[in-house]
Every structure is written in C-alpha cells, then in structure tokens.
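In this chain, residues are counted from 1 in sequence order.
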Amino acid sequence: MMIFVNKYIKKHLSMYFIYLVIVLLLNIISVILPKIQGDILNLLELKSEKIHIIKFITFLLLISVAGTVCKYIYNTLFTCIQTKIGYESNQDLLSHIQKLPYIKLRNMDAIYVSQRINNAVNEVVAFYIENVGQTVITILKICVLIYVLCKINGVFFVMVLLFTIGSLIIYMLFKTPIYKKSLVMQEKQSKFFSALSSELINAQFIKSNNIERIFISKTNSAFKVLFKSLMEWCKCKQGFELSESLLEIGLQIIYFMIGIVEIVNGSISLGTFVIIIEYVEILKNSIVYLYGLCGEYQQANSSYNIIEKVMSEKIEKKGKIKVENIKKISLQSVEFQYEINGQKIIQNFSYDFYKDKIYVLVGKNGVGKTTLIDIISGLYNENYYGKIKINDIDMSEVDVLNYRKNNISFCRQNDILIDGSLIENVELFGNIDDEIKKSEMYKLLYGELSTRIETNNQADTLSYGQKQKITILRSMIKKSEVILMDEPTSALDIGAKKALLSDLTKIKRKKIVILVSHDPFVIQNADEIIDLGSK
C-alpha cells in the first residue's frame with residue numbers, strides 16, 4: 001500500500017513536505033498551549049504583577065492564532081494533495097482497466113466498478129497522507145508527555161496506563177465486527193449507487209415505456225439492503241464509542257478526585273493541575289490514536305486489496321509487429337464463444353477480405369455478425385480459435401493496439417459522441433482535408449449543420465440520424481486501411497444511404513470495407529454478401 005501511494009507522493013514532494021511541517025507545528029502548539037494556560041493560572045494565584053500576566057496572555061493569543069492559521073493551511077494542503085493523488089491514481093487504474101481484454105469489459109458494470117475504485121483510492125490515499133507523518137510525531141509526543149507527567153506526578157500517568165489497557169480490550173472486542181461490517185457496507189453502497197445511476201442512464205427507455213416503478217423498485221431494494229448493512233455497522237461502531245466514553249468518564253472522575261486531594265494538600269497548584277488534565281487528555285488521545293490506527297490500517301488495506309486486484313488483472317496481449325499497407329485479411333476456421341463450454345457464436349468461419357470490394361455480413365440476429373467484425377478489429381484477440389492473418393502475419397504477432405489505432409476505422413450502430421462541439425466530434429480521428437470535402441456524406445452533413453458547425457455548437461441536441469452521419473464521416477476521415485461498419489444506415493433516409501454507398505464505392509479502391517447490415521439497399525449494392533446464417 002505504501003509503495004502504491006509513494007510513487008504519487010514523489011510527484012508532489014514539496015507540497016507534502018510543507019504539509020508535514022504544518023503537522024509538526026500543530027502538535028507542538030497542542031503541547032505548548034496547556035502549559036501557558038496553567039502558567040497564567042499560577043500567576044493569578046500568586047497575584048503576580050499585571051505586566052507578567054499580560055505578557056503570558058499575549059503569548060497565548062499569538063500561539064492560538066498561529067494554531068488556527070496552521071489548521072487552515074493543514075486542511076487546504078490535505079485536500080489539495082488528496083484530490084490530486086486521488087485523481088492521478090484513479091486515472092491510472094481506469095487506464096489499466098481499459099487495457100484489459102474486451103471480453104472482460106463488455107459486461108462490466110461501469111458505475112459499480114468506478115464507484116468501488118474511487119472509494120478504495122480515497123480511503124488509501126487519505127490514510128497515507130493523514131497518518132504516515134502523524135504517527136511518527138505522535139510517538140515522539142507520547143514520549144515527551146510521559147516524561148513530563150512522571151516528573152510532575154506519576155499517579156496520573158498510571159491512570160492513563162490503566163485507561164489504555166481498558167481501551168485496548170474494548171478495541172480488540174469490537175475491531176473485527178466493525179471491520180467486517182464496514183466491508184459489507186462498502187459493497188452494498190457501490191451496488192446502491194449503481195442502481196441509482198441506472199435510473200438516469202436509462203431515462204429515455206424508462207420514460208418511453210412508462211416503467212419508472214420497475215427501476216424505482218430495484219433502487220428501493222438496493223437501498224433496503226444498504227440501509228440494513230449501514231445500521232448494523234453503525235450500531236457496532238456506536239457500541240464501541242459508547243464503551244470508550246464510559247471508560248473515559250470513569251477515568252475523569254478518578255483523576256479529578258486525585259487532583260482535588262493533591263491541591264488541598266498543597267502538593268500541586270491549580271495551574272499545574274490544569275496542565276496535568278490537558279496533558280492526560282492529549283496523552284490518552286494520542287495512545288487511542290495509535291491503536292485505533294491498526295483498525296484504520298486494516299480498513300485501508302482492504303481498500304488497497306481492491307486496487308491490487310484491479311492492477312493484477314492481466315492486460316490485453318499484443319504482438320510486436322506494426323502492420324502497414326493492409327491488402328488482405330484472412331480468417332481460417334475461426335470459432336468463437338463468450339464463455340467456456342458455452343454455445344459457439346461463430347463456427348468454422350473462413351474467408352479472405354481484399355481491397356476494392358464492399359463486403360456485407362448478413363444473417364438473423366445472434367449469428368455473430370457484430371462479433372465477427374469485433375474479432376477482425378482485434379478486440380477478441382485472445383478468445384477465438386483458428387487463424388486470423390493480416391497480410392499473412394498471424395494476429396497473435398500483431399500489435400493490436402497500434403492496429404486498431406492506425407489501421408482500423410470502426411463505425412458502430414450506436415457509436416457515441418464525445419462531450420464537445422460538432423467539429424470536435426467530426427474531427428475526432430483526424431482533420432477534414434480536400435478529399436473528404438469532395439465526399440457526398442460531407443456535403444450532406446454540412447448542408448444540414450453548417451451554421452451549427454461554424455458557430456461551434458454542441459453535439460448534444462442532434463437527431464439520431466445526424467449523429468449517425470457524424471460517426472460515419474469521422475470513420476471516413478481517419479487515415480486507416482480497413483473500414484468496419486455495424487448497421488451504418490439504421491437511422492438514414494434514402495438520400496443519405498445513397499451518399500454513403502457512393503462514398504464507399506470510391507473508398508474501397510484504397511481500403512478493405514466490411515459492413516454488417518439488414519438493409520436491402522446496402523445488400524443490393526454489395527460486391528460480396530456473406531450470409532453467416534449459412535456458415
């Protein structure tokens with residue numbers, strides 16, 4: 001866990017160093033303030049000169065102000081460091097997840113996973129920042145306070161020692177139940193937020209079918225489970241805190257009685273007794289902090305286990321060869337299934353794809369048309385059986401990340417538009433050049449949206465057909481050698497369909513073009529029709 005956070009701390013070392021200095025100053029101030037307050041009482045008791053009392057009060061005021069300023073700086077630095085490191089580590093974890101094999105990502109509950117990772121990262125980072133430096137300083141502070149108390153009156157140190165033993169017994173009794181219930185609560189919390197978010201993500205579907213009650217029912221069920229686990233954790237935690245409070249009240253009564261006796265006997269002054277009370281409290285809290293740290297460490301470590309589990313997931317395998325000028329993609333006896341011992345989606349499929357042709361994959365739903373173009377794009381590089389060769393190079397030897405980035409243009413049926421302007425979406429994979437400006441799809445799209453594009457309009461108010469035209473155009477803009485399109489005409493009118501097929505007819509001379517379609521217009525304009533239902 002420490003190694004994980006350390007690599008991010010190094011990026012913000014100067015800020016973290018200042019943070020540690022502030023922590024040290026706050027601890028020093030916490031020890032100095034009781035001493036000054038006690039000394040002022042002693043001066044008043046001895047009826048010292050006013051000038052001496054005023055000096056001590058002024059010093060007390062300055063130290064108090066300094067403590068307040070330090071506390072402000074402490075909170076600001078803590079928030080700043082935690083936020084920056086939390087963001088950086090979250091990004092690294094999400095980047096790692098994006099590199100996992102696609103078969104693991106396709107059914108992943110993104111909200112649940114991101115919520116879980118974010119909670120785990122914040123827990124680990126906060127624990128490190130708040131406790132690593134503070135622990136060393138606290139141990140030093142305990143040593144100083146023990147020395148001071150023993151020098152004044154050792155009885156009070158014995159009382160703290162007895163409290164520590166009692167408190168430790170209580171902690172050991174509650175430690176495991178609190179830890180286990182905390183884990184359960186975190187899990188239920190992530191599932192609840194996943195259910196809650198699904199109401200917003202599926203808002204259109206819900207409103208269209210008037211099925212709010214079904215989704216609300218699922219959210220309510222998730223909340224009931226969360227609430228139950230939350231209350232169980234809360235009762236256990238409150239039981240621990242109540243036991244601690246009762247023990248502390250008993251200790252306070254005893255050392256107040258001892259203090260009164262010592263003052264009456266003249267062994268200590270009132271000011272010294274105030275110092276002792278404050279130091280006993282600080283010492284007690286410092287000791288409680290140290291053994292409480294064990295529980296916090298366990299909780300942080302359980303969160304780190306989540307991080308470690310994510311980072312231990314094997315990323316997508318890739319070869320080393322960067323293919324160029326793709327002329328042929330060959331599939332030989334390719335088979336595919338999503339689960340081991342599951343039904344085969346694709347069976348014994350063999351075909352050679354070349355430039356200068358428009359290939360259209362047809363067949364009823366579920367025969368594996370979309371899966372096949374996913375396989376061709378290298379998304380299932382480790383999960384198919386048979387042979388796939390790119391220019392006679394086996395897919396296992398190809399750098400599939402580079403292949404998808406530079407050699408493949410993919411236009412999916414429900415492709416997303418990024419949060420940004422229309423031109424940002426159109427030029428997502430490259431800039432519009434003179435050749436693209438001659439395309440029919442460009443002329444059609446810009447004929448409809450030229451004003452909105454020129455005024456840097458956002459892309460969130462487009463019709464489904466307009467969105468599909470943008471995704472088609474940006475796949476044509478990308479300087480790739482293979483174009484894969486999944487139902488590209490599902491939202492297009494006949495004019496847009498003709499524009500697309502006209503552009504693909506020109507493009508095919510330089511690219512391998514493979515489409516998935518049920519559209520009769522697309523099928524009748526294909527050079528080769530591949531019926532997967534007959535394979």
Side-chain angles (χ1 to χ4, degrees), residues 1-12 16 78-79 81-132 134-135 174-198 201 218-219 221-234 236-237 240 292-317:
M1 180 168 66
M2 300 302 171
I3 295 172
F4 173 76
V5 183
N6 268 335
K7 69 178 182 179
Y8 298 103
I9 286 288
K10 288 176 182 176
K11 297 178 183 178
H12 309 283
Y16 185 63
F78 179 83
T79 303
I81 296 168
Q82 184 189 17
T83 304
K84 286 186 174 183
I85 293 178
Y87 172 75
E88 290 164 2
S89 49
N90 258 304
Q91 283 296 101
D92 285 349
L93 286 166
L94 291 175
S95 177
H96 180 81
I97 289 173
Q98 288 170 355
K99 293 174 184 175
L100 298 180
Y102 181 64
I103 199 163
K104 287 190 175 182
L105 297 176
R106 63 186 300 274
N107 293 321
M108 185 180 285
D109 186 335
I111 295 170
Y112 168 75
V113 171
S114 60
Q115 176 81 17
R116 203 157 182 243
I117 288 173
N118 186 58
N119 288 344
V121 165
N122 286 336
E123 184 90 40
V124 169
V125 172
F127 174 82
Y128 182 102
I129 297 170
E130 199 166 10
N131 295 303
V132 170
Q134 180 66 51
T135 302
F174 281 91
K175 178 186 71 171
T176 302
I178 290 175
Y179 171 68
K180 288 182 177 178
K181 292 179 189 302
S182 174
L183 284 182
V184 172
M185 184 192 67
Q186 286 180 30
E187 177 74 14
K188 304 307 179 188
Q189 189 179 48
S190 295
K191 288 186 176 180
F192 167 70
F193 279 111
S194 178
L196 192 65
S197 301
S198 70
I201 292 171
K218 290 182 179 295
T219 304
S221 297
F223 174 75
K224 286 176 183 177
V225 174
L226 170 62
F227 182 76
K228 183 181 177 182
S229 65
L230 178 65
M231 292 309 298
E232 287 176 357
W233 171 79
C234 185
C236 192
K237 193 169 184 293
F240 168 71
L293 199 62
C294 299
E296 288 184 29
Y297 175 79
Q298 279 193 329
Q299 191 161 333
N301 199 46
S302 70
S303 294
Y304 178 66
N305 289 338
I306 295 171
I307 296 170
E308 203 171 36
K309 186 178 178 182
V310 171
M311 295 304 291
S312 66
E313 291 276 4
K314 292 182 180 179
I315 63 173
E316 179 181 18
K317 289 181 181 178

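- At a threshold of 4.5 Å between non-hydrogen side-chain atoms, the residues Y8 and D92 count as touching.
- The two residues Q299 and S182 come nearest to each other via the heavy atoms NE2-OG, 3.3 Å.
- Of the possible polar contacts, none joining the N301 side chain to the Y297 backbone as a donor-acceptor pair under 3.5 Å is found.
- Side-chain contact between Y87 and V125 is absent, with no heavy atoms from C-beta onward closer than 4.5 Å.
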Checklist entry - Can E187 and Y112 be said to form a side chain to side chain donor-acceptor pair (under 3.5 Å), step by step? => result CA-CA 9 Å; E187 177 74 14; Y112 168 75; 2.7 Å; yes
May I have the list of side-chain donor-acceptor pairs in residues 190-198 shorter than 3.5 Å, sequence neighbours left out?
residue : atom : partner : partner atom : Å
S190    : OG   : Q186    : O            : 3.2
S194    : OG   : D109    : OD1          : 3.2
S194    : OG   : D109    : OD2          : 2.6
S197    : OG   : F193    : O            : 2.8
S198    : OG   : A195    : O            : 2.6

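- Of the inter-residue distances, the one linking K181 atom NZ with C234 atom SG reads 12.0 Å to the nearest 0.5 angstrom.
- The side-chain heavy atoms of I97 and I117, taken from C-beta on, include a pair separated by under 4.5 Å.
- Annotation: side chain of I129 is in contact with side chain of F78 (closest heavy-atom distance under 4.5 Å).
- Shown here for A300 and V124, the closest heavy-atom pair between the two residues is O-CG2, 3.4 Å.
- Once rounded to the nearest 0.5 Å, the distance linking CG of N6 with OH of Y16 reads 8.0 Å.
- Shown here for M108 and V113, the closest heavy-atom pair between the two residues is CG-CG2, 3.5 Å.
- You'll find the side chain of I85 stays beyond 4.5 Å of the side chain of Y128, heavy atoms only.
- The minimum heavy-atom distance linking Q98 with L105 is given by the pair O-CD1, 4.0 Å.
- No side-chain heavy atom of K309 sits less than 4.5 Å from a side-chain heavy atom of I306.
- Considering OH of Y102 and CD of E316, their distance stands at 11.5 Å, rounded to 0.5 Å.
- Looking at residues two or more places apart in sequence or on another chain, you find no salt bridge (Lys or Arg N to Asp or Glu O under 4.0 Å) involving K99.
- Here the closest heavy-atom approach between residue S229 and residue M185 is recorded as OG-CA, 3.8 Å.
- A heavy-atom distance below 4.5 Å is found between the side chains of V132 and M2.
- Distance NE2/H96 to OG/S312: 7.0 Å, rounded to 0.5 Å.
- Taking the side chain as every heavy atom from C-beta outward, N119 and Q189 approach each other to under 4.5 Å.
- Shortest non-hydrogen contact noted between N122 and Q82 is O-NE2, 3.6 Å.
- Remark: the backbone N or O of S114 is not paired with any side-chain donor or acceptor of N118 at under 3.5 angstrom.
- Note that NZ of K84 is 12.0 Å distant from NZ of K11, once rounded to the nearest 0.5 Å.
- The structure places CE of M311 at 8.5 Å from OH of Y304, a figure rounded to the nearest 0.5 Å.
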